[in-house]
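A quick write-up on the structure given underneath.
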Amino acid sequence: MKSKNILLCRIFAFALALIAAVTLLAGCAPKVGSYTINGRPVATVNGFDITFDEYKYFYYNHMMDLKNEGVTDFSDAENVQKIKDRVETSLRTKYTVMTLIDEYKIALEPGDEEAIDDSVSGYIYEQGGEEKFRAWLSESRMSGDVFRDMMAYTFFYDVYLRELLMTGYENIIKMDDASIKQDVLDNFYRYTQIFIAFESGDDYVKNGEEMERIYERLERGESFYQLAKEYSEWNIDAEKGVYTTKGEKLWNIEKAALSLENGQYSEVVRSTEGHHIVMRLPIEESYVDKHLEDLELPSFTRRYHEFIESRAKDAEVKYNKYYDTLTHEMLTKLETP
């Protein structure tokens, strides 16, 4: 089994024209904000150890996602399994990236460790000290080590892998104009909306009632674009809309847009941002030709996720006997570090 210490303590000695980088495997000074609550492994993914602390973080936050989607009964084994399935997907994704990091010999750069220290120190300061920082992390069911690990993954390892593949490395993701254009034509959609933000006006309920009245006016034949001009708080020209792809927008906006034919509009959609009426618009090839540079990054991002997902399906996940003892209560309990 591999022993993976994602964040290594480094010191760098400089002498004239020679720079020697020394990675310390033991005796390192404690990392800023670092602490473990329960570091016992519950599983491995591609040989990487998954600790109880990390599993609990993903479990709790996917449970909260399901709650936001309207699921409330977690005494139901089917709902608990939904959480576990989402956790496994997240772990497969993360450790597929880490496997590729090893495969492509990508490493943290000089100064990255210090940048993480500085960021964690900033969070500690914002929270009002170490004790309050730990309490803040506990609310998300996260230990200091998991927090640092996720920062390294999100802001360094995943970024470095994206940067490498965006160069067209080994032709894994083709970045020529023809490939980008074809991807947009095949996999993007375009939509516009009438939008009233969550915090606008009196309150969420009254905003929803107003949006229902707007919907009724649409049903009576009034112009979508005129109503958007009059009421919408979206900062994008409603007649132009946006070109986007799966995974970029709020899931309920995406679901509404993809369920429509070009020119159709949805009923009122409620989200964490506010109230929406979504209309699907056609993809225009002439627009794509003129805006390939703008579409390059979202096209790459879509294909990057597709590549990671395809590799993640083959990730080797092994649960141990300790995992079999875990309960919903254990994985959602608020711990005091």
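Computed from a predicted model, the values in this text were never measured in an experiment.
With sequence neighbours excluded, the residues that form a side chain to side chain contact (heavy atoms under 4.5 Å, CB included) with Asn61 are Tyr57. Every residue two or more places apart in sequence or in another chain was checked for a salt bridge (charged side-chain N to carboxylate O under 4.0 Å, His left out) with Glu209, and none qualifies. Judged as a side chain to side chain donor-acceptor pair (under 3.5 Å), and not counting sequence neighbours, the contacts of Gln193 are His276. Annotation: side chain to side chain contact (heavy atoms under 4.5 Å, CB included) contacts of Glu139 (sequence neighbours excluded): Leu334. Under the side chain to side chain contact (heavy atoms under 4.5 Å, CB included) criterion, Ser223 pairs with Tyr225, Gln226, sequence neighbours left out. For Asp65, there are no salt bridge (charged side-chain N to carboxylate O under 4.0 Å, His left out) partners at least two apart in sequence or on another chain. In this view, Phe58 satisfies the ring-ring contact (aromatic ring centres under 6.0 Å, His included) rule with no residue, not counting sequence neighbours. With sequence neighbours left out, Arg40 forms a side chain to side chain contact (heavy atoms under 4.5 Å, CB included) with Asn38, Tyr322. The side chain to side chain donor-acceptor pair (under 3.5 Å) search around Glu69 returns Arg86, not counting sequence neighbours.
Between Glu309 and Lys313 there is no salt bridge, since no side-chain N of the basic residue sits under 4.0 Å from a carboxylate O of the acidic one.
Listed by first and then second residue, the side-chain hydrogen bond (donor to acceptor under 3.5 Å, both in side chains) pairs involving residues 250-268 are Glu219-Tyr265 (not counting sequence neighbours). Sorted by first then second residue, the ring-ring contact (aromatic ring centres under 6.0 Å, His included) pairs that include residues 289-318, not counting sequence neighbours, are Tyr287-His291, Phe300-Tyr304. Among pairs with a residue in residues 164-188, those fulfilling ring-ring contact (aromatic ring centres under 6.0 Å, His included) read Tyr104-Tyr169, at least two apart in sequence or across chains.
To the nearest 0.5 angstrom, Ile180 atom CD1 is 11.0 Å from Asp294 atom CG. Here the CG atom belonging to Leu281 is positioned 10.5 Å from the OH atom belonging to Tyr191, to the nearest 0.5 angstrom. Rounding to the nearest 0.5 angstrom, the gap separating the CH2 atom in Trp136 from the CD1 atom in Ile124 is 10.0 Å. Taking CD1 of Ile253 as the reference point, atom CD of Glu248 lies at 14.0 Å (rounded to 0.5 Å). Remark: Arg148 CZ to Ser143 OG distance equals 11.5 Å, nearest 0.5 Å.
If you run side-chain contact (heavy atoms from CB on, under 4.5 Å) between Ile214 and each of Glu210, Glu216, Glu212, only Glu210 comes through.
For the residue pair Arg134 / Ser138, no side-chain donor-acceptor distance below 3.5 Å is found, with atom types taken as modelled.
Counting all heavy atoms, side chain and backbone alike, Arg92 lies closest to Val45 at CA-CG1, 4.3 Å. Closest non-hydrogen pair, Met175 versus Met166, comes out as CG-O, 3.4 Å. Here the closest heavy-atom approach between residue Leu331 and residue Phe52 is recorded as CD2-CE1, 4.0 Å.
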Start with the C-alpha gap between Arg302 and Glu306, add the side-chain angles, then the distance that decides, and say whether salt bridge (Lys or Arg N to Asp or Glu O under 4.0 Å) holds.
CA-CA 6 Å; Arg302 190 202 71 78; Glu306 186 176 73; 3.1 Å; yes

